[in-house]
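Working notes, beginning with the structure itself.
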Amino acid sequence: VGKQSHSRKMYGSCGSCDSAKAVFDGIRHPTVYSWNHLIKAYVRNGGLHAARQAFERMSQRDTVSWTLLLTSTAKNGDIREAHQLFERMPEWDLVSWTSMFTAYAQNGFLEEAKSMFDGMSARDAPCWNAMFTAFAQNDSLTSAKEMFQRMPQWNVQSWNAIVTAYAQAGDLREARTLFERMPQKNPLSWGAMIQALADCGELEEAKVMLENVPSDDVIPWTTMVVAYAQKGQVEEARRLFKRISAPDMVARTAMVQAYVENSRLEEARSLFDGMPERNGVSWSSMIAAYARKGDLMEAKKLFDRMSSPDLMTYTTMIEAYAQHGHIQHSKVLFDRMPEQDTVSRTAMVVCYAFNGELEKARELFESIPNKD
RNA sequence: CUGGCCGGAGGG
């Protein structure tokens with residue numbers, strides 16, 4: 001058992017499910033605690049399915065196990081399954097309630113979220129934060145502000161969240177004021193403020209702050225790379241990117257995008273090729289880049305190299321064919337998709353319509369379950 | 001730092 005505590009860090013933090021599992025298998029008497037670590041390792045590496053299997057194999061589960069699975073299921077968009085997990089769990093606590101109503105809010109069910117929140121007998125700062133952030137993200141800055149003022153105690157996250165809420169509503173002045181008045185700051189506070197400035201077009205001020213932040217967090221750097229790229233200032237984006245000591249997948253993908261948006265395909269591609277890890281976002285950015293240029297061959301070559309393209313990458317490729325009049329190819333891919341969503345179906349409807357196949361377009365349209 | 005709240009990249 002002493003082995004466990006030595007190995008504990010290994011489970012999730014070294015980025016590999018397999019090694020986490022290897023360590024795990026070496027434990028003679030896994031505890032709930034170590035099982036939860038394993039589940040978390042799977043979740044972190046996108047293996048929700050594996051996480052679910054591990055969950056089912058556990059001899060006993062605690063509230064943490066249930067909540068962990070609930071949250072990751074919800075983040076994967078499966079709110080029904082998340083709700084079932086919530087119903088099935090034997091014990092509820094403040095965290096599991098907060099997780100559940102947050103899941104509702106993030107999946108567009110603000111009413112349900114609010115009614116759960118209202119029904120709670122005890123609430124802590126994260127709970128209040130989750131609720132007012134949900135309002136802010138649904139364009140109800142007023143409600144968010146009221147809740148922020150009403151909540152009995154704040155943590156750093158509360159302040160970060162309210163700063164972001166004001167900035168997203170376009171009130172940079174108030175965001176700045178709140179930022180200055182924050183009782184404490186953490187690296188995310190700076191990140192949030194830099195993002196706020198960038199969103200409101202204050203790139204120079206954002207950059208000054210970036211240069212003076214007491215942390216070398218990659219996220220604000222990525223924010224600025226994106227911001228400059230969007231203004232067409234690729235060179236500045238590239239300079240900032242080069243200064244990131246340990247660019248992660250998101251930062252690299254953002255830089256690939258930056259090159260793409262500014263018609264520098266070769267550089268995008270060579271950065272892409274050198275990436276140690278890629279995800280659907282990286283691939284689809286690169287694929288879309290070739291598609292836009294009209295190089296469907298290269299786009300498809302990349303697409304075929306993916307082990308299991310996600311929804312969005314499929315849709316990107318379908319769109320690519322459609323825009324060049326190859327509806328048949330679009331259709332083949334569409335039918336081959338493991339699952340379709342409203343966006344992909346709508347894209348296909350548009351394909352048919354543009355191709356003059358109005359009956360097919362209509363038929364598909366009628367079959368879409370949730371038209372938004 | 002075993003689970004919930006805050007800042008960064010892709011599709012109609």
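Every chain is numbered from 1, with letters handed out A, B, ... down the list of sequences.
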Between B:G8, B:G10, B:G12, which nucleotide has the shortest distance from any of its atoms to the side chain of A:Thr342? B:G12
Tell me, please, whether A:Tyr104 has A:Lys114 positioned over its six-membered ring: NZ or CZ under 6.0 Å from the ring centre and within 45 degrees of its axis? no
When rounded to the nearest 0.5 angstrom, what is the spacing between CG in A:Asn138 and CD in A:Glu111? 9.5 Å
Of the candidates B:A9, B:U2, B:G4, the side chain of A:Asn36 sits closest to B:U2
Any donor-acceptor pair under 3.5 Å joining the side chain of A:Thr316 to the base of B:G11? no
Under the 3.5 Å rule, do the base of B:G11 and the side chain of A:Asp341 count as making a donor-acceptor pair? yes
In whole angstrom, what separates A:Phe334's CZ from B:G12's P? 15 Å
How about A:Trp35 and A:Phe55: are their ring centroids closer than 6.0 Å? no
Indicate, with a heavy-atom threshold strictly under 4.0 Å, whether A:Ile219 touches base, sugar-phosphate, or nothing. base
Proximity of A:Trp97 and A:Phe117 rings by center, below 6.0 Å: no
hbond_proxy A:Asn279 side chain to B:G10 base (donor-acceptor, 3.5 Å cutoff): no
Measuring from the side chain of A:Ser99 (C-beta onward, heavy atoms only), which nucleotide among B:U2, B:G11, B:G4 has the closest atom? B:G4
Classify the side chain of A:Asp62 versus the base of B:G3 as yes if they form a donor-acceptor pair under 3.5 Å and no if they do not. no
Measure CD/A:Gln157 against P/B:C5 and give the value in whole Å, please. 10 Å
Should the side chain of A:Ser285 and the base of B:G10 be counted as holding a donor-acceptor pair, with the cut-off at 3.5 Å? no
Would you classify A:Lys75 as touching base, sugar-phosphate or nothing, given that sugar-phosphate means primed atoms plus P, OP1 and OP2, and contacts are heavy atoms under 4.0 Å? sugar-phosphate
Return the value, rounded to whole Å, for the distance between atom CE of A:Met224 and atom C1' of B:G7. 13 Å
Quickly work out the A:Arg252 CZ to B:G10 C1' distance and round it to whole Å. 18 Å
N/O donor-acceptor pair, side chain A:Thr253 with base B:G10, under 3.5 angstrom: no
From C-beta outward on A:Gln195, which listed nucleotide comes closest to its side chain: B:A9, B:C6, B:G7? B:G7
Looking only at B:C6, B:G11, B:U2, the nucleotide nearest the A:Thr164 side chain is B:C6
Which part of the nucleic acid, if any, lies within contact of A:Ser189, taking any heavy atom under 4.0 Å across all strands shown: a base, the sugar-phosphate backbone alone, or nothing? nothing
Which nucleotide in B:G7, B:U2, B:G10 has an atom nearest any side-chain atom of A:Met312: B:G10
Could you please name the option among B:G10, B:G4, B:C6 that lies closest to any side-chain atom of A:Ala161? B:C6
A:Trp97 has an atom CH2; how far is it from atom P of B:C5, in whole Å? 17 Å
Using a heavy-atom cut-off of under 4.0 Å over every strand shown, decide if A:Val343 touches base, sugar-phosphate, or nothing. base
Residues A:Arg243, A:Glu211: salt bridge by 4.0 Å N-O rule: yes
Here the distance between atom P of B:G12 and atom CD of A:Gln323, to the nearest Å, is 8 Å
If you look at every strand shown and take non-hydrogen atoms under 4.0 Å, does A:Thr63 touch a base, only sugar-phosphate, or nothing? base
Heavy atoms from C-beta onward define the side chain here; which of B:C6, B:U2, B:G11 lies closest to that of A:Val64? B:U2
What's the closest nucleotide to the side chain of A:Val281 if the choices are B:U2, B:A9, B:G4? B:A9
Whole-Å distance, A:Met100 CE to B:G3 P, equals 19 Å
Need one value for A:Val226: base, sugar-phosphate or nothing, where a base atom within 4.0 Å counts as base even if backbone is also close, heavy atoms only. sugar-phosphate
When the P atoms of B:C5 and B:C1 are compared, how many Å lie between them, rounded to an integer? 16 Å
Determine the interplanar angle of the A:His326 and A:His329 rings, folded into 0 to 90°, and report it as parallel if under 30°, tilted if 30 to 60°, perpendicular if over 60°. tilted
Whole-Å distance between B:G10 P and A:Arg278 CZ? 19 Å
Classify the nucleic acid contact of A:Leu94 as base, sugar-phosphate or nothing, counting any heavy atom under 4.0 Å across all strands shown. base
Check every strand shown and say whether A:Ala251 touches a base, only sugar-phosphate, or nothing at a heavy-atom separation below 4.0 Å. base
Can you say whether a donor on the side chain of A:Asn129 sits under 3.5 Å from an acceptor on the base of B:G4, or the other way round? no
Counting side-chain heavy atoms from C-beta on, which of B:G4, B:C5, B:A9 comes nearest to A:Thr98? B:G4
Do A:Val156 and A:Val163 belong to the same hydrophobic cluster, where Ile, Leu, Val, Met, Phe, Trp and Tyr are linked whenever their side-chain heavy atoms lie under 4.5 Å apart, directly or via other members? yes
Charged N to carboxylate O under 4.0 angstrom, A:Arg181 versus A:Glu174? no
Answer with yes or no whether A:Asp217 presents, from its side chain, a donor or acceptor under 3.5 Å of a partner atom in the base of B:G7. yes
Is A:Lys371 near enough to B:G12 that one of its side-chain N or O atoms lies under 4.0 angstrom from OP1 or OP2? no
Presence of donor-acceptor pair under 3.5 Å, side chain of A:Thr222 and base of B:G8: yes
